[in-house]
Amino acid sequence: MESHVKVAGHPLHPMLIVFPLGLLGTAVIFDIIQLLGGSNAFSEVSWYMIAAGVIGGLLAAPAGLVDWLAIPSGTRAKRIGVLHGLGNVVVLILFAVSWILRSSAPETPSTLALVLSFAGLALALVTGWLGGELVDRLGVGVDDTANLDAPSSISSTARM
């Protein structure tokens, strides 16, 4: 099943999710560094990364929703897509609440703020796996003419 939101022949959703996933994951890593004795500046930077990651997730979501709406009802892909999408909504909520809790003192996040971001990352790993299942196993978002010798998506012989 081909993606319905493309840029230069490639699905937009997978292009956009790398930014929020990377930012949110790195925010957690920076918090861990701070907890292990690093400078409070790591948690302050984490606060900014969480903000950027949540915004990036909100930008990636509509393209994913459009692709999910195109999946035929009653399929395994539709069910996995629901779990993937709703799980990612929860991920963004967890990180957004963590960000709000940190707002008064980004350099010294509360235990609850840290727990929420760590839980958000754990869930993001699950929803990321579900996204991989959709693409790699079920072929959602994959061009119908894909094969090992397919022409470039921007060539004149490629179907757009």
Side-chain angles (χ1 to χ4, degrees), residues 1-71 75-142 153:
M1 186 207 107
E2 274 191 75
S3 173
H4 287 129
V5 183
K6 293 182 173 186
V7 173
H10 291 279
L12 181 61
H13 182 66
M15 285 188 248
L16 293 178
I17 58 96
V18 296
F19 294 107
L21 189 56
L23 287 162
L24 297 173
T26 305
V28 169
I29 290 169
F30 278 21
D31 281 334
I32 291 170
I33 291 170
Q34 188 271 329
L35 286 172
L36 294 174
S39 166
N40 286 358
F42 282 103
S43 286
E44 187 169 359
V45 171
S46 178
W47 183 77
Y48 288 102
M49 294 177 95
I50 291 170
V54 168
I55 291 167
L58 292 172
L59 293 173
L65 178 61
V66 169
D67 284 344
W68 177 78
L69 290 170
I71 298 172
T75 62
R76 180 168 176 259
K78 192 76 162 188
R79 292 187 303 274
I80 290 174
V82 167
L83 293 173
H84 171 73
L86 292 178
N88 282 324
V89 168
V90 173
V91 167
L92 292 179
I93 290 169
L94 290 169
F95 275 102
V97 172
S98 176
W99 182 81
I100 290 166
L101 291 173
R102 297 164 184 250
S103 293
S104 62
E107 67 284 352
T108 55
S110 67
T111 300
L112 179 58
L114 293 171
V115 167
L116 291 174
S117 63
F118 293 178
L121 181 61
L123 182 56
L125 294 173
V126 173
T127 60
W129 182 86
L130 289 171
E133 183 77 358
L134 285 166
V135 174
D136 297 330
R137 183 75 178 145
L138 301 173
V140 173
V142 176
S153 59

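Hydrogens, waters and symmetry mates play no part in the numbers below; they use all other heavy atoms, side chains included.
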What distance do [X] atom [atom1] and [Y] atom [atom2] have between them, rounded to the nearest 0.5 Å?
X: Ile100; Y: Ile50; atom1: CD1; atom2: CD1; answer: 11.0 Å
X: Ile80; Y: Trp129; atom1: CD1; atom2: CH2; answer: 6.5 Å
X: Leu114; Y: Leu35; atom1: CG; atom2: CG; answer: 5.5 Å
X: Leu12; Y: His4; atom1: CG; atom2: NE2; answer: 14.0 Å
X: Leu138; Y: Lys78; atom1: CG; atom2: NZ; answer: 13.5 Å
X: Phe30; Y: Glu44; atom1: CZ; atom2: CD; answer: 12.5 Å

Please examine the side chains of [Y] and [X], heavy atoms only from C-beta on, and report whether any two atoms are closer than 4.5 Å.
X: Thr108; Y: Asn40; value: yes
X: Leu112; Y: Leu116; value: yes
X: Phe42; Y: Ile32; value: no
X: Ile17; Y: Asn88; value: no
X: Asp31; Y: Arg102; value: yes
X: Ser98; Y: Phe118; value: no

Nearest non-hydrogen partners of [X] and [Y], listed with the distance:
X: Val28; Y: Ser117; value: CG2-O, 3.6 Å
X: Ala77; Y: Val140; value: CB-CG2, 3.9 Å
X: Arg137; Y: Arg76; value: CG-NH1, 4.4 Å
X: Leu83; Y: Thr127; value: O-CG2, 4.4 Å
X: Phe95; Y: Gly120; value: CE1-C, 3.5 Å
X: Leu121; Y: Gly25; value: CD1-CA, 3.8 Å

Determine whether a donor-acceptor pair (N or O, by modelled atom type, separation under 3.5 Å) exists between the side chain of Ser46 and the backbone of Ala27. yes
Side chain Ser3, main chain Lys6, donor-acceptor under 3.5 Å: no
So if I apply the side-chain contact (heavy atoms from CB on, under 4.5 Å) rule between Met49 and each of Val54, Thr26, Ile29, which one comes out positive? Thr26
